[in-house]
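To start, the structure itself, in structure tokens.
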Amino acid sequence: MRLPRLVSDGMILQRETPVKIWGWASAGENIKLSFSNQSFETVTPADGKWMITLPAQKAGGPFEIKITGSNQIILKDILFGDVWLCSGQSNMETPMSRVAPLYSPEIETSTNPNIRLFQVPVRWNYNEPQEDIQGGKWEAANPQTILKYTAVGYFFARDLCEKYKVPVGIIQCAAGGSSAESWISEESLKAFPEQYKIAKQLSDTTYLKNLLNSERTAQWKWFDELGKSDLGRKGTPWSTPQLDDSAWPTLQIPSSFREAGMDFKSGAVWFRKEIELPESCAGKTALLELGTIVDSDSVFINGKFVGTTGYQYPPRRYTVAPEILKSGKNNITVRVVSQSGNGAFIKEKPYQLTVDGKTFDLKGSWKYNIGAKCGPSPTATFFPGKPLGLYNAMLSPIVNYTLKGMVWYQGESNAERAHEYKTVLSTLIGEWRKLWEQGNLPFLFVQLPDFMEPKNEPSEGGWATLRNQQLKTLSVPNTAMAVTIGLGEKNDIHPLRKKEVGQRLALAAQKLAYGDEKVVSSGPMYQSMKVKGNKIELTFSDCGRGLTTNDGKELKHFAISGADKKFVWAKAKIKGKKVIVWNESIPNPLTVRYAWADNPEGANLYNNDGLPASPFTTEL
């Protein structure tokens with residue numbers, strides 16, 4: 001007799017509703033469950049899958065659960081509270097360790113046995129739904145474990161735990177780069193023919209095996225040949241501190257290789273910088289920050305390896321061991337591998353060395369030399385982004401676990417087909433609710449934040465369209481959306497300000513899942529419009545204590561058009577719970593858009609409760 005990974009020591013079970021305990025045993029095997037002076041029994045049916053339902057319990061614990069069949073399992077330290085499924089892609093996955101520079105006090109004071117996380121390991125399967133996941137355990141929050149927690153999930157759980165004084169469990173079932181279609185079933189994918197076709201192709205075991213083998217071989221060969229041809233690894237390594245680099249050209253960091261006029265696309269480039277450190281820094285542990293780098297890097301200080309990162313997104317924060325730094329001249333060498341011709345040190349990120357509280361700026365002139373040039377690396381299929389695979393391997397095995405609700409942060413991977421996102425997400429919500437058999441479970445989701453370079457004129461964009469599709473998804477019953485405009489970073493698809501995201505989701509949960517009608521859970525939401533002469537009057541819900549701007553300035557990022565649908569910037573002013581919008585050059589206005597851009601930098605319509613308005617268009 002065995003249990004699923006989720007049903008294990010330290011778990012939090014959903015309070016105030018019957019909960020399922022399930023597992024596997026031999027057909028005909030008697031299973032007895034003992035809990036809190038109560039006993040429950042069942043006989044394992046022919047398929048070997050047994051299930052026992054516990055009656056509703058109040059919040060509390062810890063408890064033990066004893067399950068006896070041909071063997072006995074005792075589950076310890078069980079709490080009853082509220083359990084939330086946190087799913088989506090990398091911004092849901094982003095751990096507290098990555099956002100730690102913003103939230104050190106929160107990490108230091110995070111010890112709370114009533115907040116617990118279970119991380120579902122990232123796996124994919126295109127053949128059939130799996131019965132169990134391949135790892136994971138329940139872990140209570142403390143300064144060590146919290147570093148692996150989903151940052152959004154942690155701040156969400158912390159607010160709810162503090163508000164309602166009950167244990168909160170997070171099941172993190174998310175995968176970086178996953179599409180929404182990755183999380184729905186084969187049957188539901190039939191409504192999306194292109195995605196269904198991809199899923200069917202990948203379900204061909206022979207095709208998939210050959211694809212994996214050929215791609216791995218091609219990737220290995222590319223990196224192997226790059227390593228062998230890299231001049232920086234031949235003879236005296238270019239990480240050697242005493243290397244004469246006086247003839248090397250210079251590049252200003254941060255910048256892209258293309259901006260610097262480098263005659264290079266793909267391959268390996270070595271960068272070197274010498275810095276002078278005082279005696280007080282010698283033999284001290286240090287933190288080296290190198291922003292983010294496209295694509296991968298290996299870093300050496302004084303010839304000693306200090307760290308590597310294999311892809312472009314994570315912030316480069318490397319701990320420098322105490323024996324490495326010395327007084328006087330210190331050499332920093334960075335080997336960058338560019339795989340697709342877009343090599344860069346991303347701007348507006350920290351490039352610095354911090355030693356004993358002192359910070360040394362590393363921006364500016366660096367020496368560089370090209371170690372090897374080659375063609376772009378072979379493409380590799382990104383399987384978490386493909387339809388069906390995560391549904392089968394990660395979601396299906398956990399659907400028996402009773403929940404309070406669901407939280408979803410995803411959309412970046414669907415921006416290229418943004419127009420159908422409402423249909424896809426609505427399908428996902430409906431299917432998940434059917435799987436869990438708990439009625440219209442509360443479903444909270446995050447609207448995408450601002451990203452990419454802002455534009456000077458009104459513009460179209462996949463992220464703008466997708467945000468509008470997310471807004472339209474609020475027509476699905478028992479859903480709520482956290483607006484995150486203003487929390488993004490133009491140069492980082494993984495913005496760090498996850499605390500506010502979690503807080504806004506918690507406000508939405510308070511109203512939607514906990515029935516707190518007094519809470520202001522959202523910023524202003526567009527409701528309706530009226531044309532009055534050459535002006536358009538907009539009406540909003542969720543105004544809270546009134547409409548305002550978050551910067552005390554005039555309203556920005558409103559655009560208006562006439563019948564020609566050519567949008568121009570508009571003037572706008574607040575009038576009670578309405579906003580009046582106009583442009584003197586458009587005598588017969590028809591349409592208004594607000595914050596309609598991939599990065600609507602400066603969008604500033606808020607309510608007096610500090611929550612931003614959702615981007616919108618008045619077009620039907």
Side-chain angles (χ1 to χ4, degrees), residues 223-257 259-264 266-310 315-338 343-346 349-374:
F223 279 102
D224 183 58
E225 290 178 353
L226 176 67
K228 288 176 179 176
S229 62
D230 189 347
L231 298 175
R233 289 179 160 182
K234 295 179 179 181
T236 302
W238 289 357
S239 58
T240 305
Q242 299 80 16
L243 184 78
D244 181 7
D245 58 16
S246 58
W248 288 20
T250 59
L251 174 140
Q252 295 298 306
I253 287 181
S255 64
S256 72
F257 300 175
E259 282 176 329
M262 192 183 294
D263 179 22
F264 174 85
S266 301
V269 190
W270 296 72
F271 299 85
R272 290 168 58 91
K273 188 176 184 68
E274 198 172 76
I275 60 168
E276 191 87 20
L277 295 179
E279 181 72 37
S280 60
C281 294
K284 298 283 178 67
T285 300
L287 174 65
L288 175 65
E289 295 175 87
L290 292 173
T292 54
I293 300 172
V294 182
D295 291 289
S296 61
D297 60 280
S298 299
V299 183
F300 307 82
I301 296 182
N302 295 330
K304 295 179 180 176
F305 175 74
V306 296
T308 185
T309 303
R316 273 54 170 180
R317 294 201 293 264
Y318 298 122
T319 300
V320 182
E323 68 273 10
I324 292 179
L325 295 181
K326 59 184 182 179
S327 64
K329 290 180 171 58
N330 288 257
N331 171 268
I332 302 173
T333 300
V334 183
R335 178 182 185 257
V336 176
V337 174
S338 171
F345 292 83
I346 301 301
K349 296 286 184 181
Y351 292 85
Q352 59 194 28
L353 179 71
T354 304
V355 195
D356 203 24
K358 299 186 181 82
T359 298
F360 301 87
D361 189 8
L362 300 178
K363 295 190 291 293
S365 183
W366 286 60
K367 295 279 191 175
Y368 79 89
N369 205 1
I370 296 169
K373 294 181 183 180
C374 56

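Numbering starts at 1 and runs along the sequence shown.
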Looking at every non-hydrogen atom in both residues, tell me the closest pair between [X] and [Y] and how far apart they are.
X    : Y    : result
C281 : L325 : O-CB, 4.0 Å
C374 : G267 : SG-CA, 3.7 Å
L226 : A268 : CD1-N, 3.8 Å
V299 : Y318 : CG2-CE1, 3.5 Å
L243 : P237 : CD1-O, 4.4 Å
P254 : Y351 : CB-CE1, 3.7 Å

With the side chain counted from C-beta on, respond yes when [X] and [Y] share a heavy-atom pair under 4.5 Å apart, and no when they do not.
X    : Y    : answer
L277 : L353 : yes
L362 : L288 : yes
F345 : L290 : no
L287 : E289 : yes
E276 : K329 : yes

Does any donor atom in the side chain of D245 or W238 lie under 3.5 Å from an acceptor atom in the other side chain?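 No, no side-chain donor-acceptor contact under 3.5 Å.
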Rounded to the nearest 0.5 Å, how far apart are [atom1] of [X] and [atom2] of [Y]?
X    : Y    : atom1 : atom2 : result
S239 : K304 : OG    : NZ    : 12.5 Å
T333 : K273 : OG1   : NZ    : 12.0 Å
S338 : I293 : OG    : CD1   : 12.0 Å
I301 : N330 : CD1   : CG    : 7.5 Å
S255 : K363 : OG    : NZ    : 13.0 Å
W270 : I370 : CH2   : CD1   : 14.0 Å

Without swapping roles, check the side chain of N302 against the backbone of I324 for a donor-acceptor pair under 3.5 Å.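 Flag set: sc N302 to bb I324 pair under 3.5 Å.
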Any ion pair linking K284 and D356 (charged N to carboxylate O, less than 4.0 Å)?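 Result for this pair is yes, salt bridge flagged.
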Stepwise, does the side-chain contact (heavy atoms from CB on, under 4.5 Å) test hold for N369 with K367? CA-CA 7 Å; N369 205 1; K367 295 279 191 175; over 6 Å; no
In this structure, is the centre-to-centre distance between the rings of F257 and Y368 below 6.0 Å?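 No, the ring of Y368 stays outside the 6.0 Å limit from the ring of F257, centre to centre.
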Which ring-ring contact (aromatic ring centres under 6.0 Å, His included) pairs, counting each pair once, include a residue from residues 272-305, with sequence neighbours left out?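 Non-adjacent pairs meeting ring-ring contact (aromatic ring centres under 6.0 Å, His included): F300-F305.
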Consider salt bridge (Lys or Arg N to Asp or Glu O under 4.0 Å). Of D297, D295, D230, which one does R335 pass it with?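 Result: among D297, D295, D230, D230 is the only option passing the salt bridge (Lys or Arg N to Asp or Glu O under 4.0 Å) with R335.
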Using the test salt bridge (Lys or Arg N to Asp or Glu O under 4.0 Å), find all partners of K373 that sit at least two apart in sequence or belong to another chain.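 With neighbours one apart ignored, the set is D263.
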